[in-house]
S.K.: 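Here it is: the structure, laid out below.
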Amino acid sequence: MPNETPTTIVEAQYPQVKSVESGFAILGLAATFVAGVQAQVMTISINTTRKEQTIKLCFINGLFMGGLILDLVASFLAFLTARWLQRLSAEERSKLEEIFTDKSSPRKNDEEQPAIDEQELQKQQQQQQQEDLFDRILHFWLSFSLFSSMPLLVLGVMCMAAGIGIYVLTCHKPIVGVLVILAYVGLAPIVVGIFLIGSGKKRRMGVIHELGKRRGDW
């Protein structure tokens with residue numbers, strides 16, 4: 001029987017938490033890659049002197065630099081979130097795993113739900129009453145900070161895409177701008193489709209069924 005390492009034990013006991021942790025680690029690498037690409041894209045307009053910069057170029061450079069900052073912050077936050085999840089205690093991991101599991105596989109009816117101890121229910125109600133508005137706002141802010149790397153990365157990419165679009169429309173011949181806009185319009189449904197899958201079981205199972213029919217082929 002192979003020896004079980006601590007990492008293997010953690011993955012077996014807390015698969016949901018480990019999956020989220022790995023996701024943020026990958027997101028950090030992706031954000032770093034996007035930031036590198038955006039830094040290269042910036043060179044098309046950032047090298048102009050201050051006297052040579054028009055209002056259009058200033059706006060384009062602002063989009064590029066703002067997007068670069070968003071990408072770098074997203075990479076940094078993704079690393080911090082992954083590290084924060086790694087540092088959770090066993091009790092904290094167990095609680096987070098329980099919440100993630102309940103969210104990912106909700107029970108169909110009340111008959112499947114286990115009976116809740118009255119003392120535990122009263123304890124939860126007392127905790128909710130003791131938690132004032134400031135605590136709720138603070139907890140929401142802290143949790144949003146941990147999970148905000150993906151929205152920031154999306155905003156950074158959108159700034160880069162907007163900067164490229166404005167640059168080709170204002171600094172190149174119309175045919176170049178038309179081709180880039182057509183590329184944006186053609187790719188938009190594909191990118192948006194990824195975010196529209198959501199967590200609904202019916203839609204996800206339909207997607208899985210279609211993927212199964214293709215067996216990895218185009």
S.K.: Within the distance-only criterion (no hydrogens, no angle test), does the side chain of Gln16 pair as donor or acceptor with the backbone N or O of Glu97 below 3.5 angstrom?
M.R.: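 Between the backbone of Glu97 and the side chain of Gln16 there is no qualifying donor-acceptor contact (under 3.5 Å).
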S.K.: Quick check: does any side chain N or O of Thr81 sit under 3.5 Å from a backbone N or O of Leu146, one acting as donor and the other as acceptor?
M.R.: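 Answer holds: yes.
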S.K.: What's the separation between atom NE2 in His172 and atom OG1 in Thr170, rounded to the nearest 0.5 Å?
M.R.: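 Output value for this atom pair is 8.0 Å.
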S.K.: Between Tyr184 (side chain) and Leu179 (backbone), is there a donor-acceptor pair under 3.5 Å?
M.R.: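 Side chain of Tyr184 to backbone of Leu179: no pair is present.
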S.K.: Between Trp141 and Met150, is there shared hydrophobic-cluster membership here, with clusters defined by ILVMFWY side-chain heavy atoms closer than 4.5 Å?
M.R.: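 Cluster IDs for Trp141 and Met150 differ.
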S.K.: Nearest heavy-atom pair of Ala25 and Ala82: which atoms, and what distance?
M.R.: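 So the minimum-distance heavy-atom pair works out to N-CB, 4.1 Å.
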S.K.: Quick check: is Val176 connected to Val41 through a chain of hydrophobic side chains (ILVMFWY, heavy atoms under 4.5 Å apart)?
M.R.: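 In one cluster with Val41: Val176, yes.
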S.K.: Side chain to side chain contact (heavy atoms under 4.5 Å, CB included) between Ile166 and Lys56: does it pass, once the steps are laid out?
M.R.: CA-CA 8 Å; Ile166 296 173; Lys56 295 177 183 178; 5.7 Å; no
S.K.: Before you tell me yes or no, could you show the steps for Cys159 and Phe64 under side chain to side chain contact (heavy atoms under 4.5 Å, CB included), namely the whole-Å CA-CA distance, both residues' side-chain angles and the distance that decides it to 0.1 Å?
M.R.: CA-CA 6 Å; Cys159 288; Phe64 284 158; over 6 Å; no
S.K.: So, does Ser94 use its side chain to make a donor-acceptor pair with the main chain of Glu91 at under 3.5 Å?
M.R.: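 No, because the side chain of Ser94 does not come within donor-acceptor range (under 3.5 Å) of the backbone of Glu91.
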S.K.: Give a yes or no on whether a salt bridge exists between Glu21 and Arg93, defined as a side-chain N under 4.0 angstrom from a carboxylate O.
M.R.: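 Arg93 and Glu21: salt-bridged.
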S.K.: To the nearest 0.5 Å, tell me how far Leu85 CG sits from Tyr14 OH.
M.R.: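 Leu85 CG to Tyr14 OH: 13.0 Å, rounded to 0.5 Å.
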S.K.: Compare every heavy atom of Pro189 with every heavy atom of Val185, then report the nearest pair and how far apart it is.
M.R.: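 Distance-wise, the nearest heavy atoms are O-CD, 3.1 Å.
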S.K.: Does Leu72 form a side chain to side chain contact (heavy atoms under 4.5 Å, CB included) with Phe76? I'd like the steps, not just the answer.
M.R.: CA-CA 6 Å; Leu72 292 174; Phe76 182 63; over 6 Å; no
S.K.: State the CD1-CZ distance between Ile208 and Arg203, to the nearest 0.5 angstrom.
M.R.: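 With rounding to 0.5 Å, CD1 (Ile208) is 13.5 Å from CZ (Arg203).
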S.K.: For Glu92 and Ser89, does a side-chain donor sit closer than 3.5 Å to a side-chain acceptor?
M.R.: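 On atom types as modelled, these side chains qualify, holding a pair under 3.5 Å.
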S.K.: Inspect the surroundings of CD1 in Ile55 and state if more than 12 heavy atoms from other residues, nucleotides or ligands are less than 6.0 Å away.
M.R.: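 Counting neighbours around CD1 of Ile55, 12 or fewer heavy atoms of other residues, nucleotides or ligands fall under 6.0 Å, so no.
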S.K.: Transitively linked via ILVMFWY side-chain contacts under 4.5 Å: Phe195 with Met158?
M.R.: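 Yes.
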S.K.: Drop me the distance from Leu142's CG to Leu138's CG, to the nearest 0.5 angstrom.
M.R.: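 The CG atom of Leu138 is 4.5 Å from CG of Leu142, to the nearest 0.5 Å.
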S.K.: Would you say Leu68 and Val37 are hydrophobically clustered, going by side-chain heavy atoms of ILVMFWY under 4.5 Å?
M.R.: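 Linked within one cluster.
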S.K.: At their closest point, which heavy atom of Cys171 faces which heavy atom of Leu57, and how far apart are they?
M.R.: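 Minimum heavy-atom separation between Cys171 and Leu57: SG-CD2, 4.3 Å.
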S.K.: In Å, rounded to the nearest 0.5 Å, how long is the span from OG of Ser45 to CG of Asn61?
M.R.: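 Ser45 OG to Asn61 CG: 4.0 Å, rounded to 0.5 Å.
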S.K.: Measure the shortest side-chain to side-chain distance between Glu98 and Lys95 over non-hydrogen atoms and say whether it is less than 4.5 angstrom.
M.R.: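 They are in side-chain contact.
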S.K.: Taking the side chain from His209 and the backbone from Met205, do they hold a donor-acceptor pair closer than 3.5 Å?
M.R.: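 Not at all, since once roles are kept as given, no pair shorter than 3.5 Å links the two residues.
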S.K.: Tell me whether Glu210 contacts the main-chain N or O of Val207 through its side chain, where contact means a donor paired with an acceptor under 3.5 Å.
M.R.: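 Not confirmed, Glu210 side chain does not pair with Val207 backbone.
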S.K.: Would you check if the side chain of Thr43 reaches a backbone N or O of Gln40 as a donor-acceptor pair within less than 3.5 Å?
M.R.: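 Pair found, side chain donor or acceptor close to backbone of Gln40.
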S.K.: State which residue, out of Asp71, Ile69, Leu70, fulfils the side chain to side chain contact (heavy atoms under 4.5 Å, CB included) condition with Val73.
M.R.: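 Answer to the side chain to side chain contact (heavy atoms under 4.5 Å, CB included) test with Val73 among Asp71, Ile69, Leu70: Ile69.
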S.K.: Determine whether Ile197 and Arg204 make a side-chain contact, defined as any pair of heavy atoms from C-beta on separated by less than 4.5 Å.
M.R.: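 Side-chain contact under 4.5 Å: yes.
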S.K.: Hey, mind stepping through Ile181 and Leu169 against side chain to side chain contact (heavy atoms under 4.5 Å, CB included) and telling me if it holds?
M.R.: CA-CA 9 Å; Ile181 296 302; Leu169 287 173; 4.2 Å; yes
S.K.: Measuring centre to centre across the rings, with the benzene-like ring taken for any Trp, is Phe24 within less than 6.0 Å of Phe147?
M.R.: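 Judged by ring-centre distance (under 6.0 Å), Phe24 and Phe147 do meet the cut-off.
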S.K.: Count I, L, V, M, F, W, Y as connected when their side-chain heavy atoms are under 4.5 Å apart, and connections chain through other members. Are Leu80 and Ile26 then in the same cluster?
M.R.: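 Result: no, two separate clusters.
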S.K.: Under 3.5 Å, side chain of Ser149 to main-chain N/O of Leu77, donor-acceptor pair present?
M.R.: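 Here the side-chain-to-backbone pair does not exist.
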S.K.: Within this structure, what is the OG-CG distance for the pair Ser148 and Leu155, rounded to the nearest 0.5 Å?
M.R.: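 With rounding to 0.5 Å, OG (Ser148) is 10.0 Å from CG (Leu155).
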